[in-house]
Number of protein chains: 2
Amino acid sequence: MMTVILCLGSLSEAQSQPQLNLMPMPASVQTGTGQLLIKQSFSVQVTGARDASLDEEVQRFQTVLSRKTGMPLYPAPPAFASLLIHAEHRREVVQKLGEDESYELTVTPGGANLRAPNTLGILRGLQTFLQLVQITPDGFAVPAVTIKDQPRFPWRGTMIDVSRHFIPLDVLKRNLDAMAAVKMNVLHWHLSDDQGFRVESKKFPKLQEMGSDGMYYTQDEVRDLIGYARDRGIRVIPEFDMPGHATSWLVGYPELASAPGPYSIGRTIGVYDAAIDPTQERTYKFLEEFIAEMAKLFPDEYFHIGGDEVNGKQWSANPKIQAFMQAHGMKSNQDLQAYFNEHLEKIVAKNHKIMLGWDEVLHPDLPKTIVVQSWRGQASLAAAAKQGYSGLLSYGYYLDLMWSAARHYAVDPMADAAANLTPEETKRILGGESCMWAEWVTPENEDSHIWPRNAAIAERLWSPQNVTDVDSMYTRLNAVSLDLEWLGLTHRSAREQMLHRMAGTADISALRVLADVVEPVKEYNREDLTKAPISLQAPLTSLVDAVYPESDIARQFNNLVDRFLQSWRQDKGAEAQMRSWLTLWRDNDGKLQPLLGQSLLLREDLLLSQNLSVAGAVGLQALDYLDKGQSADNSQTAFDSPRAQETAFFAQADKPSANLLLMILAPVQKLVNVSAGSPPH
Amino acid sequence: MMTVILCLGSLSEAQSQPQLNLMPMPASVQTGTGQLLIKQSFSVQVTGARDASLDEEVQRFQTVLSRKTGMPLYPAPPAFASLLIHAEHRREVVQKLGEDESYELTVTPGGANLRAPNTLGILRGLQTFLQLVQITPDGFAVPAVTIKDQPRFPWRGTMIDVSRHFIPLDVLKRNLDAMAAVKMNVLHWHLSDDQGFRVESKKFPKLQEMGSDGMYYTQDEVRDLIGYARDRGIRVIPEFDMPGHATSWLVGYPELASAPGPYSIGRTIGVYDAAIDPTQERTYKFLEEFIAEMAKLFPDEYFHIGGDEVNGKQWSANPKIQAFMQAHGMKSNQDLQAYFNEHLEKIVAKNHKIMLGWDEVLHPDLPKTIVVQSWRGQASLAAAAKQGYSGLLSYGYYLDLMWSAARHYAVDPMADAAANLTPEETKRILGGESCMWAEWVTPENEDSHIWPRNAAIAERLWSPQNVTDVDSMYTRLNAVSLDLEWLGLTHRSAREQMLHRMAGTADISALRVLADVVEPVKEYNREDLTKAPISLQAPLTSLVDAVYPESDIARQFNNLVDRFLQSWRQDKGAEAQMRSWLTLWRDNDGKLQPLLGQSLLLREDLLLSQNLSVAGAVGLQALDYLDKGQSADNSQTAFDSPRAQETAFFAQADKPSANLLLMILAPVQKLVNVSAGSPPH
């Protein structure tokens with residue numbers, strides 16, 4: 001078998017193709033005339049305020065520019081700077097929330113000018129410049145443009161869980177590069193959970209020694225990563241999740257627990273019962289020392305204590321704790337957690353940090369200084385803001401749920417309940433954070449689970465609220481996705497290698513056809529925790545682990561079907577393209593079955609492949625009916641049997657198989673419905 | 001535009017598919033029954049001799065095994081070793097030429113056993129084991145097999161030129177990984193040339209300071225690389241090319257030159273006139289000190305002094321040198337170079353090294369201890385052997401000439417003139433080295449210029465002389481090529497990124513169709529040094545820089561045409577596949593032209609793309625004629641005009657365009673010739 005690449009012509013999306021491949025879209029863009037050619041003599045001159053991180057950024061800028069264009073640069077003398085950089089002030093030594101990130105970039109055919117109040121703004125502007133570089137008939141160039149830009153929200157983060165699956169430093173670093181490219185400014189590092197404690201503590205070494213299987217970051221590595229992030233204008237916020245999600249702490253320090261040990265590291269997916277005991281003095285003594293140590297290690301002024309999903313079972317089962325609650329007039333486990341959080345907050349504050357926690361930390365007993373991170377939605381965020389608490393939105397930004405970029409993109413921190421806040425309350429919405437929970441990712445597929453979708457979230461948090469055109473977003477997302485490869489991200493290339501592993505052969509063209517039109521099941525549908533426990537040590541090497549979270553081809557095919565139907569079936573170009581796709585799919589199973597049969601990793605995809613073929617055949621037949629002006633009800637279907645069987649097929653094929661969804665099914669069904677005289681939906 | 005992958009069914013090559021994807025093919029393979037399943041509990045136990053490099057190799061083996069299978073390994077207790085390793089002796093601290101590399105590997109469903117006289121053999125055997133791991137219906141497994149293996153030649157090297165284009169350490173390291181995977185055991189490091197001096201000398205720092213543009217390896221980095229290579233069973237031989245190819249030395253030390261300075265680093269392709277002056281005492285004083293320093297830095301017992309391509313212009317033009325030659329009775333520049341080499345050899349020998357040089361060093365005045373590396377062919381190698389000199393073959397193994405793997409594969413060090421040597425003389429043929437000269441490579445495309453073709457050369461030098469089946473070689477080469485990706489080689493992935501750069505868009509499917517069927521011009525046809533000088537600072541970002549040196553698809557299409565014609569046109573399956581390809585090519589230009597028009601980097605490929613389309617149309621028409629039993633002479637051609645015009649097309653399209661050759665042209669022409677009633681060739 002071998003591969004042929006067939007171009008299906010004009011199945012392009014962006015009717016509304018914007019001129020500039022910028023993401024996030026700047027606050028203000030004015031295009032000019034002409035372009036600045038990028039030549040090998042391209043040079044940068046810095047005047048005004050400068051600091052080490054700016055100098056390094058300029059270096060990196062030149063490296064990436066050189067990589068993207070493939071041109072070794074031999075800069076001309078500084079007098080002939082192609083890009084002039086000027087910042088008024090140096091940025092803070094420890095990057096602050098709300099620090100000025102604005103910049104102005106002017107490009108003319110004669111040169112470019114980047115100015116900012118603060119060197120941090122220069123970092124942002126350089127990323128904009130890099131995105132503007134494009135190949136033209138005259139060579140690489142940046143179009144003439146005037147951009148005035150600043151972020152909508154001061155807090156634009158990505159949370160990365162390194163507990164369920166350990167993510168090595170180099171993977172984190174390239175993700176920081178990607179975050180910087182889309183102007184995100186917070187890495188929220190989820191460092192501990194039931195399934196692993198990932199930071200070296202010198203005070204309490206049993207945390208990492210017994211709680212990590214040896215997979216943790218040394219303090220030197222932590223400092224290295226923080227410096228790396230800072231150079232890119234990214235704050236690093238550590239999260240130590242407590243009092244729940246704390247099994248890994250208790251392996252080494254069972255005396256902190258609310259139930260007798262011993263404990264062992266969580267090996268399976270799920271929320272564990274283990275909780276720190278909030279009623280005993282030694283808990284706070286431990287945390288005093290531990291937080292003091294970590295507060296020094298992590299310079300950022302915010303400190304995340306988790307606080308989510310305490311199921312309270314251990315507390316309810318412990319008579320001593322129950323007695324304590326009664327003695328203190330606590331009515332619920334929530335009250336007990338608030339008591340814990342109050343103590344925690346004082347410790348955090350004593351270390352000159354602001355406490356941050358998930359939704360559940362919100363409790364009237366807590367001071368207004370704390371920040372609430374909402375995984376529950378804008379309503380809970382708005383409620384917090386009304387009570388005087390600052391907040392971040394993460395609901396709608398869970399990358400592990402395998403949503404489409406468009407679906408994430410539609411989630412706005414200021415929407416719904418948050419839309420009606422007073423200006424004062426509105427200011428308390430600091431921004432948001434995407435979340436990459438690590439139940440189903442490994443270092444191999446981490447990038448593809450985060451990117452490029454994360455760029456859409458980055459735009460939501462940076463760009464003006466009215467930037468909402470989905471077609472434009474996808475076009476620009478594609479461009480960003482390519483750019484990320486020059487930074488070393490593997491979000492596209494990893495799939496190829498994983499498919500090769502599954503197939504064991506060089507020719508994976510038929511497997512790619514299938515991989516291109518499926519998506520992983522959404523939400524938590526991959527997990528069925530009611531059956532056997534799901535091990536976190538198992539390999540993640542199935543098709544569902546390799547495919548992209550979102551099928552571009554299914555989306556585009558769906559658009560094609562809509563175009564065809566909206567044209568009253570007159571768009572013959574669209575029809576020809578649909579036929580090419582449907583034929584490809586119909587014929588694919590015959591090529592793919594031998595491959596599926598020879599690999600244990602692919603065996604589970606047999607039904608999926610068959611369904612794709614049937615869908616192709618059914619779709620082609622529907623088009624035939626439409627061409628002939630027949631209704632399918634009056635003829636035989638692809639099944640050579642009544643239409644009921646077709647309906648049965650769609651019902652069956654619509655169900656997840658091998659944890660995958662066949663994303664072209666819905667548009668094919670639209671065609672079939674119309675051919676049968678029913679409305680498309 | 002978007003991509004569809006079309007599988008063209010059975011255009012598979014290997015009718016003679018071997019069961020085992022081993023390359024190089026071992027000396028003896030006996031397949032057994034059943035297979036050893038690779039599970040997460042896979043463990044290795046080492047008994048017998050061990051050393052640090054073996055322990056590290058076992059670690060790396062487990063890492064690569066884990067990466068290839070995607071399985072985190074949780075080894076069972078050592079008592080249940082899945083792979084038992086036993087070496088009789090430790091390897092030499094400094095790896096020696098001819099050190100025992102043999103091993104025996106026995107795999108049964110119950111476990112695997114790897115034994116070797118020497119830990120070096122274990123390294124080789126572990127690579128064999130890794131290649132044997134394949135996905136099966138039961139999961140990853142190694143087939144039951146008994147392998148007894150040892151190399152045919154003791155010297156199996158790759159020469160890498162880091163002077164013309166600097167190649168960073170990380171690129172060299174991954175190439176060492178790849179060399180180890182195919183059991184090569186020498187890195188010949190071409191460290192100096194007219195265009196750059198790449199090693200730090202502490203004695204003569206102006207060598208790197210003035211001769212390298214800052215692109216050189218520190219001595220620490222050199223030691224690091226040597227250690228890295230040694231761990232993988234690879235010797236590192238430095239080459240300092242003299243007395244010619246020495247411009248970069250003379251920038252800092254013009255007093256060594258045969259003509260007055262000043263000198264500057266060579267910036268263009270070509271052989272320079274500059275030569276070290278062999279007649280002056282200070283030359284030897286300098287070399288005494290320099291070679292002493294480098295002999296310490298490089299522990300291998302061989303030391304390469306280059307010695308090639310001295311054009312002698314400076315010597316002829318220098319009256320002092322002419323007088324010296326007369327005074328010493330030298331009749332030619334060759335005599336003068338021999339005089340130089342004699343001195344050099346004494347210096348090298350004083351440092352306990354054996355001198356190695358290119359063909360030209362061969363001269364009766366030189367001692368028999370030196371080794372001659374032949375870029376001229378087996379005849380010159382045989383002549384040297386007859387005179388008592390040891391030799392290496394590099395003729396036929398120049399990777400920069402863009403030959404096919406098959407062409408390299410067909411070159412045997414013992415063929416032609418070397419076939420008739422006595423056993424004594426035969427022993428003097430130590431092996432060979434592939435050569436990656438760096439005029440046209442950058443760190444970005446270095447891997448794809450070396451791999452996978454280098455694996456075919458590795459097999460030639462390791463496997464028994466009668467292993468020559470080309471179909472089998474290509475099948476196994478494909479498997480090796482995939483395996484190399486798990487080591488981080490970019491020989492396949494780099495093309496994708498470079499095409500994206502040229503196109504500036506995500507959809508490069510039409511560009512891939514073109515890229516798949518072209519090859520760079522061969523030999524030195526890319527260079528026309530008679531016109532303007534070719535700068536080494538120019539970007540290498542054209543299509544010719546991105547495509548693979550060899551078009552698999554053209555080769556396979558050619559096989560398909562042969563199959564069809566050999567079947568007396570009865571093979572309808574072959575015909576259907578040919579038609580799919582030809583249609584794809586015919587229709588490709590329409591899709592590709594818009595892309596070509598919008599990129600300066602692609603503009604030069606316009607004609608090539610047109611020619612591909614015409615070739616597709618002409619081929620289809622030829623098939624139509626054949627189907628109808630008509631001769632093309634009696635009908636109109638694709639040009640709607642006489643056949644002469646078709647002939648003119650082939651004559652035009654056969655010429656290189658944008659330094660590329662359209663590799664499907666010859667098989668299409670075969671079809672056309674047959675359809676016109678002519679013999680295919």
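We name chains A, B, ... by the order of the sequence lines, and we start the count at 1 in each one.
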- Query: What part of Thr505(A) is in contact with chain B, defined as an atom under 4.5 angstrom from a non-hydrogen atom: side chain, backbone, both or neither?
  - Reply: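 Contact with chain B: backbone only.
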Scored by heavy-atom pairs under 4.5 Å with chain A, the best of Ala503(B), Gly504(B), Gly139(B) is Gly139(B)
Select one option (side chain, backbone, both, neither) describing which atoms of [X] are under 4.5 Å from chain A's heavy atoms.
{"X": "Thr69(B)", "result": "backbone"}
{"X": "Ser481(B)", "result": "neither"}
{"X": "Ala479(B)", "result": "neither"}
{"X": "Glu485(B)", "result": "both"}
{"X": "Ser493(B)", "result": "neither"}
{"X": "Gln497(B)", "result": "both"}
{"X": "Arg603(B)", "result": "side chain"}

>> Using the salt bridge (Lys or Arg N to Asp or Glu O under 4.0 Å) criterion, which residues pair with Arg579(A)? Sequence neighbours excluded.
In response: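 Checked Arg579(A) against salt bridge (Lys or Arg N to Asp or Glu O under 4.0 Å); matches are Glu575(A), Asp624(A), Asp627(A).
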So which of [options] has the biggest tally of heavy-atom pairs under 4.5 Å with chain B?
{"options": "His500(A), Gln537(A), Arg67(A), Gln40(A)", "value": "Gln537(A)"}
{"options": "Gln598(A), Met71(A), Met502(A)", "value": "Gln598(A)"}
{"options": "Glu444(A), Glu496(A), Met498(A), Lys68(A)", "value": "Lys68(A)"}
{"options": "Thr541(A), Leu540(A), Thr136(A), Leu602(A)", "value": "Thr136(A)"}

Check whether more than 12 heavy atoms from other residues, nucleotides or ligands sit under 6.0 Å from atom CD of Gln59(A), and answer yes or no. no
dist Asn478(A):CG -> Asp507(B):CG (nearest 0.5 Å) comes out at 9.5 Å
Pairwise distance CZ(Arg501(A)) to CZ(Phe140(B)) - rounded to 0.5 angstrom: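 Spacing of CZ (Arg501(A)) from CZ (Phe140(B)) equals 6.5 Å.
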Gly597(A) and Pro137(B) have their tightest heavy-atom pair at O-CG, 3.6 Å
Tightest non-hydrogen contact, residues Gly70(B) and Pro539(A), listed as O-CB, 3.2 Å
Residues passing the side-chain hydrogen bond (donor to acceptor under 3.5 Å, both in side chains) test with Glu550(B), sequence neighbours excluded, are Tyr474(B)
Mind running side-chain contact (heavy atoms from CB on, under 4.5 Å) on Ile135(B) and Leu601(A) for me, showing each step along the way? CA-CA 8 Å; Ile135(B) 185 72; Leu601(A) 296 178; 3.8 Å; yes
